[in-house]
**Student:** 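Here it is: the structure, laid out below.
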2 protein chains.
Amino acid sequence: MSTPSQPTTLRSSLHDRGQRLTPQRQRVLALFERIGEGRHLSAEEVHQRLLGAAARVSLATVYRTLRLLSSMGLLQELELPEGGRRFELASDAHRDHHHLVCVRCGQTEEFENAAVLAAGETAALDHGFRLLECVLNVRALCPRCVAAECR
Amino acid sequence: MSTPSQPTTLRSSLHDRGQRLTPQRQRVLALFERIGEGRHLSAEEVHQRLLGAAARVSLATVYRTLRLLSSMGLLQELELPEGGRRFELASDAHRDHHHLVCVRCGQTEEFENAAVLAAGETAALDHGFRLLECVLNVRALCPRCVAAECR
DNA sequence: GTCGATGCAAAGGCTTTGCACAGCC
DNA sequence: GGCTGTGCAAAGCCTTTGCATCGAC
C-alpha cells in the first residue's frame, strides 16, 4: 500500500505559491509515490521512466519540477557519495534517514537510527544551528564486492 | 603543530605505483597539510591557492592530482550536500568525521561522534557490508541565517 | 635517454536558461 | 484571456581528455 496520489495536497501547495497544477508535475510526483519512500531517482531516470508513459515530459521540465517539488518540501534532494544528485519522496522520517552505499557497484540500502539523529541534534545545538536534516552516508563494500575484491 | 610535510611517504607511495614525485604533487599535498585535517577545499580553491605561490599548477593537473592522491588514500573525497566535490587530508579519524552545514550561507563546522560510527558499523554489519567510511551530513541553519530568516 | 607528467585547449556530462507557444485558472 | 509552464535548443558550469612538450629518474 503505497501512499495514494494526493492531487489535493499538490494542488493546494502549488496554489499557495501562486503556481499551477500541471500534468507534468502530477506525473513526476506520482512516479515517486509509485516507487515508494526511500527509493531515489536521478533526473535522467525520472525522464526515462516518464518517456515510457503515454505523454512525455521534457528533461528541462523534469529538472524544473524536481527543483520545485524539493523547494516545496514534497521531494528530498540527496547527494550520494559516488553518484550524482538524486531525489526521493520527502517524509518526516527523512530527518533520520541514512544510506549504506557500496562504493564499487552502487548498491544502496536504507536504514534508520535514532542515535544518529540525536548526534546531529547535539552537534547543531553545540554550534547554535537549527537542524533541518540529518543524513548519514556509510560508504562500504557489499558482500558481493567484498568477495570480488578478494578474487 | 600541523603534520609535517612528508616527501618520503609521498615519494615511496608514488614509487610503489611506478609514478613520479613532481613539484606539483608535492605542492598540492603540502597545501592540504598546511591547512590541516578536517579542512576541505574544492579543486578550484586548490588551484587558486596555488596560483598565489611562486610556480603555478594548471587546473587540469589539480584535478589529476586530487584524483591520484585520493586513490592513494592520502586525500579523502567528500560530497557536501550543497556544494560540489571537495577534498581533505585523509586520516583514520575520517571514518568518524561529520559535517554540520548551513544550507543558506554554506558555513561548515566539523565534529566527531563515536555513536555515529557505531551506528554505521551496525548498519554495515546488518547488511553484510564492509564499512569503509561513515560521514554524517547535518543540514541546518547557522545562527546568523536563522536570524536572517526571521527578519 | 626514456617514459611518465604537465599545460593548454578542446571535448564531455549534467544542469540551467531564453524564447515562443501551449494550456491552466 | 492573462500569465504561468512547457518544449526545444543553446548556453553554462565543472571535469576530463588529447596531444606536444617538459622533466623526474
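A note on names: the letters A, B, ... follow the listed sequences, proteins ahead of strands, and every chain is numbered from 1. These numbers come from the heavy atoms of this one structure, side chains and all, not from hydrogens, waters or symmetry mates. If you're wondering where the values come from, they're calculated on a predicted model, not measured in any experiment.
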**Student:** Ion pair present between Glu77(A) and Arg86(A), side-chain N to carboxylate O less than 4.0 angstrom?
**Tutor:** no

**Student:** Of all residues at least two apart in sequence or in a different chain, which pass the salt bridge (Lys or Arg N to Asp or Glu O under 4.0 Å) check with Glu110(B)?
**Tutor:** none

**Student:** Indicate whether OP1 or OP2 belonging to dC8(C) is found under 4.0 Å from a side-chain N or O atom of Arg56(B).
**Tutor:** yes

**Student:** Residues in ring pair (Phe, Tyr, Trp, His ring centres under 6.0 Å) with Phe111(A), at least two apart?
**Tutor:** His98(A)

**Student:** Each nucleotide in nucleotides 16-25 of chain D should get exactly one letter: B, S or -. Can you fill that in based on protein heavy atoms under 4.0 Å?
**Tutor:** BBB----BBS

**Student:** Does Glu44(B) have any salt bridge (Lys or Arg N to Asp or Glu O under 4.0 Å) partners at least two apart in sequence or in another chain, and if so, which?
**Tutor:** none

**Student:** For the helix from dG1(C)-dC25(D) to dC25(C)-dG1(D), what angle separates the axis at the start from the axis at the finish, each from five pairs, in steps of 10°?
**Tutor:** 40°

**Student:** At less than 4.0 Å, is any side-chain N or O atom of Ser58(B) found next to OP1 or OP2 of dT6(C)? Yes or no.
**Tutor:** no

**Student:** Output the rounded distance in Å from CD (Glu45(A)) to C1' (dC14(C)).
**Tutor:** 14 Å

**Student:** Under 4.0 angstrom, heavy atoms only, what part of the nucleic acid is Gln24(B) near: base, sugar-phosphate, or nothing?
**Tutor:** sugar-phosphate

**Student:** Picking from dT6(C), dT6(D), dT15(C), which would you name as closest to the side chain of Ala43(A)?
**Tutor:** dT15(C)

**Student:** Return a table of donor-acceptor pairs under 3.5 angstrom between the side chains of residues 66-75 of chain B and protein atoms on other chains or two or more places apart.
**Tutor:**
unit_1	atom_1	unit_2	atom_2	d
Ser70(B)	OG	Leu66(B)	O	2.8
Ser71(B)	OG	Arg17(B)	NH2	3.4
Ser71(B)	OG	Leu68(B)	O	2.8

